[in-house]
Amino acid sequence: MPALYDVIVAGLGGMGSAAAYHLAGRGVRVLGLEQFTPAHDRGSSHGQSRIIRKAYFEDPAYVPLVLRSYELWQRLERETGRELLRITGGLMLGGRDSAVVRGSIRSAEEHGLAHEVLDAADVRRRFPPFALYPGSLAVYELEAGVLHPEAAVHAHLDRAHALGAELRFGEPILRWEARGDGLSVVVETARGRYEASRLVVTAGPWAPRLLENLSLPLSVDRQVQFWFRPVAGVEPFLPGRFPIFVWELEDGAAMYGFPALDGPDGGVKAALHHGGAVCTADTLDRQVDEAEIARMRLYLARYIPLLAGECVHAATCMYTNTPDLHFVIALHPHHREVAIAAGFSGHGFKFTPVVGEILADLVTHGATPYPIDIFSPARFQV
Ligand SMILES: Cc1cc2nc3c(=O)[nH]c(=O)nc-3n(C[C@H](O)[C@H](O)[C@H](O)COP(=O)(O)OP(=O)(O)OC[C@H]3O[C@@H](n4cnc5c(N)ncnc54)[C@H](O)[C@@H]3O)c2cc1C
């Protein structure tokens with residue numbers, strides 16, 4: 001006789017750990033299942049740092065969600081006594097007509113967010129490491145900052161456990177099935193069978209496999225995170241002097257980066273956003289070769305010359321992209337007892353706490369007060 005739970009959470013990475021926490025906080029009997037270890041580095045939620053920012057260039061619809069996320073991150077910090085979010089300020093850079101600059105201004109204006117629009121001379125004066133090209137603009141946001149993803153996943157998992165969730169690691173899910181009565185699901189793992197009234201699928205880059213019957217148009221790509229040592233000392237890159245940034249470049253690529261979070265001896269993290277090789281979570285090539293490092297150094301030499309020093313570390317990660325790069329968060333179109341969260345398209349981490357709250361709403365009430373229409377899988381006719 002399989003054990004009975006209210007909700008099973010399939011995958012305990014960024015989103016699943018948050019869902020388990022919010023569900024357990026509502027007194028729900030939760031079983032969380034994860035194939036690897038807590039806060040592992042084989043999916044999408046690792047690598048020391050993630051950007052959080054409010055003036056969301058991707059679409060103003062995200063702003064209420066990110067504002068709620070700030071509140072929830074701060075609540076989680078209070079509950080755990082850990083630093084998860086560090087405010088550093090943030091620069092969104094690009095040409096006058098770039099999506100990054102125009103979109104940031106639009107979201108800031110529509111939602112009345114504090115921001116400054118800087119021209120190239122302002123940026124050079126205030127943030128000397130950036131070598132802006134002619135015609136560039138920047139949007140500066142004081143409250144942008146850095147999240148620590150591994151610490152954040154641990155914090156959600158620890159709180160979920162403390163609130164009564166049962167969390168099982170090293171236990172891959174082989175398949176799941178909705179019973180068809182709208183009331184129960186069965187999940188089969190390498191170690192056993194479990195039954196619950198509801199299921200939350202938060203499988204990150206493995207979503208194409210755990211949601212294979214849904215045919216969502218998800219495409220996984222390989223992304224490399226680099227840590228470079230500044231050529232003339234780390235001082236210009238220390239937090240307080242150097243902000244997080246996202247920069248839409250002349251060739252259409254986008255680069256992002258962080259202040260020096262490891263002090264004088266560590267590297268400074270920078271990477272390209274999108275444009276990685278298509279892969280699957282199981283075929284990802286985790287080796288980073290010299291040609292990739294050389295290519296990233298060329299970008300840095302052109303745009304942040306002081307950072308184009310030795311590459312001290314590089315690590316792969318995966319994006320799970322949808323065609324329009326907007327998330328998928330909804331009840332499963334064919335099984336109303338299942339909620340899904342996938343396709344975070346390289347910008348989901350900042351939202352993990354509010355996504356956890358939305359998933360908890362969906363499986364406990366069948367609906368959420370948050371505006372999630374743009375995340376509907378119906379836009380893909382699935
Ligand atoms: C290089 C890089 C930089 C990024 N930068 C930012 C940023 O600056 N700001 C931002 O907001 N976002 C950023 N993102 C995106 C963000 O990190 C992701 O959107 C987010 O981490 C996705 O979380 P997830 O829970 O969907 O996936 P994951 O955290 O990968 O979690 C999925 C979990 O499901 C488990 N799982 C899957 N299948 C099974 C199975 N069959 N059985 C058991 N367990 C299973 C996996 O092991 C994994 O733990 C970045 C991503 C990358 C890769």
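This structure is a prediction, so every number in the text was calculated from the model and none was measured. Remember, it's 1-based here, ligands and their atoms both numbered in the order they're listed.
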*Asks:* May I ask you to check whether Y194 and E171 show a side-chain donor-acceptor distance below 3.5 Å?
*Replies:*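 Per modelled atom types, Y194 and E171 side chains form a pair under 3.5 Å.
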*Asks:* Just heavy atoms, cut-off under 4.0 Å: does M318 contact ligand 1 by side chain, backbone, both, or neither?
*Replies:*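 Contact part for M318 vs ligand 1: backbone (N, CA, C, O).
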*Asks:* Looking only at distances, please establish whether an N/O atom of ligand 1 is found under 3.5 Å from an N/O atom of G14.
*Replies:*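 It does: an N or O of G14 is found under 3.5 Å from an N or O of ligand 1.
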*Asks:* For ligand 1, indicate whether the residue W206 contacts it via side chain, backbone, both or neither (heavy-atom separation under 4.0 Å).
*Replies:*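 W206 to ligand 1: side-chain contact only, backbone stays beyond 4.0 Å.
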*Asks:* Does any N/O atom on R50 come nearer than 3.5 Å to any N/O atom on ligand 1?
*Replies:*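 By distance alone, the answer is yes.
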*Asks:* Atom 1 (C) of ligand 1: which of C317, A190, S345 has the nearest heavy atom?
*Replies:*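 Residue with the shortest heavy-atom distance to the ligand atom: C317.
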*Asks:* Which is closest to atom 39 (C) of ligand 1 in terms of heavy atoms, R209, R222, Q35?
*Replies:*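 Among R209, R222, Q35, the closest heavy atom to atom 39 (C) of ligand 1 comes from Q35.
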*Asks:* Who passes side chain to side chain contact (heavy atoms under 4.5 Å, CB included) against P305, sequence neighbours left out?
*Replies:*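 Only A131 meet the side chain to side chain contact (heavy atoms under 4.5 Å, CB included) criterion with P305.
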*Asks:* Quick one: do the R75 and Y70 side chains pair a donor with an acceptor below 3.5 Å?
*Replies:*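 Absent: no donor and acceptor within the cut-off.
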*Asks:* Under 4.0 Å, heavy-atom basis, I'd like to know which part of Y256 is in contact with ligand 1: side chain, backbone, both or neither.
*Replies:*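 Side chain only.
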*Asks:* What do we get for V224 next to ligand 1 when only non-hydrogen atoms under 4.0 Å count, side chain, backbone, both or neither?
*Replies:*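 Answer for V224: neither.
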*Asks:* Just distance, no hydrogens or angles: give the donor-acceptor pairs under 3.5 Å from side chains in residues 310-319, sequence neighbours left out.
*Replies:*
{"from": "E310", "atom 1": "OE1", "to": "R229", "atom 2": "NH1", "distance (Å)": "3.2"}
{"from": "Y319", "atom 1": "OH", "to": "H273", "atom 2": "ND1", "distance (Å)": "2.8"}

